[in-house]
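Ligands are counted one by one from 1 in listed order, and the atoms in each one are counted from 1 as well.
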Amino acid sequence: MVSRIVIAIMFLLPTLVFSLKEPPKVDWDAVARIREEGLQRSQLVDIVGYLTDVLSSRLSLSEHIKKAQTWAKDKMGTIGLTNVQIEPYMDFGNAWDNEYFSIQMLEPTYVPMMGFPLAYTPGTQGKVVCQAVIVEIQTKADCEKYRGKLKDAAVLTSAPLVFDLLNLPRDVTRRTDEELKNLAETVILPGPRVAPPTVPNPELLKPEERIEFLKSEGVAVVLQCDGGSFGYVRGFTRPGANADKWSREKDLASLPMIAVTPEHYNRMYRILKRGIPVKIEVEVRNRIGESVEKACNVIGEIPGTDLKNEVVMIGAHLDCWHESPGASDNAAGCAVALEAARILKAIGVQPRRTIRVVLWSGEEQGLNGSREYVLAHFGDPQKGTKPDYEKFSVYFNQDYGAGAYRGINLQGNERVRRIFTAWMEPFKDMGMTTIALQSVGSTDHVPFDNAGLPAFQFLQDGVGIGGHSNMDVFDTLVPDDLKKNAVIMASFAYHAAMMDQRIPRKPLR
Ligand SMILES: [Zn+2]
């Protein structure tokens with residue numbers, strides 16, 4: 001009997017200790033000062049405006065991102081951050097920049113067209129004039145239909161885009177109360193990490209093989225349309241570039257590839273289907289780096305006090321694709337992180353833990369900056385952890401567009417529910433209300449999460465749908481959303497830096 005009581009007490013003890021703990025504290029005075037600085041003296045629009053309008057697109061390793069990284073380093077210095085540095089993390093590949101591009105239809109009528117070269121493709125030999133040809137190649141057998149017929153042609157390789165006129169994309173979609181309730185009640189965990197095996201069809205051509213065939217046939221330019229909507233150019237990179245690490249040789253061995261807006265692509269396609277020839281003029285000048293270079297992250301800190309060896313991190317990725325200034329993906333997130341740091345410095349906080357701001361690169365090519373950073377600084381339980389692994393508290397990331405924070409994704413860690421619920425309380429009036437049960441992926445908190453380090457992505461409204469297209473521009477942003485986000489990110493970072501304990505970790509899977 002006695003032993004049963006002892007066992008029962010032992011069993012209940014952790015629960016009792018947990019429930020008797022003080023609820024997580026909110027420093028309402030700090031919150032008031034953060035709100036005053038962030039809402040009444042915000043510099044966010046200036047920061048995000050400079051990043052998008054002046055510094056422009058920021059493909060990893062490009063001249064543009066190098067300028068943006070230097071600017072970000074200077075900005076961190078101006079804000080008053082310390083240990084500011086541009087930290088190299090890996091041999092990334094060869095740099096690629098588009099320096100000039102133009103495309104027009106010359107016949108049967110003159111039409112200035114809108115498009116963009118795909119990254120990691122070569123330029124044309126000056127201005128070239130060529131006949132457009134529709135090429136429908138899926139299998140090796142399809143190649144035979146075109147053999148000997150494509151010399152100096154501009155080939156249209158994708159199907160025309162069908163518009164859903166009743167469901168055109170909108171720049172702002174607010175989450176409804178019902179949607180937030182569902183997100184708070186429905187557990188969504190990541191799917192299996194390994195994709196189910198597929199049976200390869202040896203007859204189907206891989207995209208790289210299709211380009212190889214077109215190159216061997218003497219094609220001048222490849223045209224394609226990758227979706228989107230009216231006025232959208234969607235198109236990223238030549239096939240195979242990630243696998244060959246953006247190699248100069250492979251870039252040069254490929255073909256000039258151009259993504260064209262649906263309305264112009266479809267028009268060429270329809271004219272050709274009538275049997276009427278289409279002549280186009282195109283010129284692409286790309287600069288391809290001579291040697292492999294290291295990619296870099298930009299880092300700055302607000303030093304801690306009694307727990308200065310422990311770290312709380314905030315950040316976003318500075319790199320984007322090359323066809324737009326990446327306003328929502330992700331100048332917005334970078335501006336929010338910089339503004340959050342500026343707010344904290346401006347109000348003179350003395351955080352217990354060090355607050356570190358990181359602007360990643362290489363995210364768009366596969367979370368390279370954050371993955372290498374986690375490995376280098378914290379390690380991984382599978383491969384061995386570094387001393388700083390135990391000094392890490394939490395990372396907060398923004399990368400789901402430019403919409404207002406409506407809550408935070410729990411990432412499968414029930415241990416933080418009470419803490420985040422308390423920290424959201426001062427921002428309910430801003431619509432920050434929901435602990436979403438989702439475990440979300442696809443961005444820079446993932447390498448932390450995979451290594452067992454607490455890292456979170458805020459739950460956001462849908463603002464700035466132009467991501468990964470030429471339409472991801474300043475004009476699609478909602479400045480008030482971003483001002484609020486900076487205030488919330490500053491407050492979360494501050495509270496995490498002031499807690500007695502580090503943010504609790506979930507058990508490693
Ligand atoms: Zn992004």
Within [X], is some N, O or S atom less than 2.8 Å away from the Zn ion (ligand 1)?
X	result
Glu364	no
His317	yes
Asp399	yes

Quiz prompt | Aromatic plane relationship, Phe448 with Tyr373 - under 30° parallel, 30 to 60° tilted, over 60° perpendicular | solution =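 The arrangement is tilted - the two ring planes meet at 30° to 60°.
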Quiz prompt | Note: Asp251-Arg248 ion pair, threshold 4.0 Å (strictly below) | solution = no
Exercise. Please find the N/O/S atom of Asp329 nearest to the Zn ion (ligand 1) and write down its name.
Key: OD1
Quiz item: Thr443 and Tyr400: side-chain donor and acceptor closer than 3.5 Å?
Solution: no
Quiz item: By side-chain hydrogen bond (donor to acceptor under 3.5 Å, both in side chains), which residues pair with Asp177, not counting sequence neighbours?
Solution: none
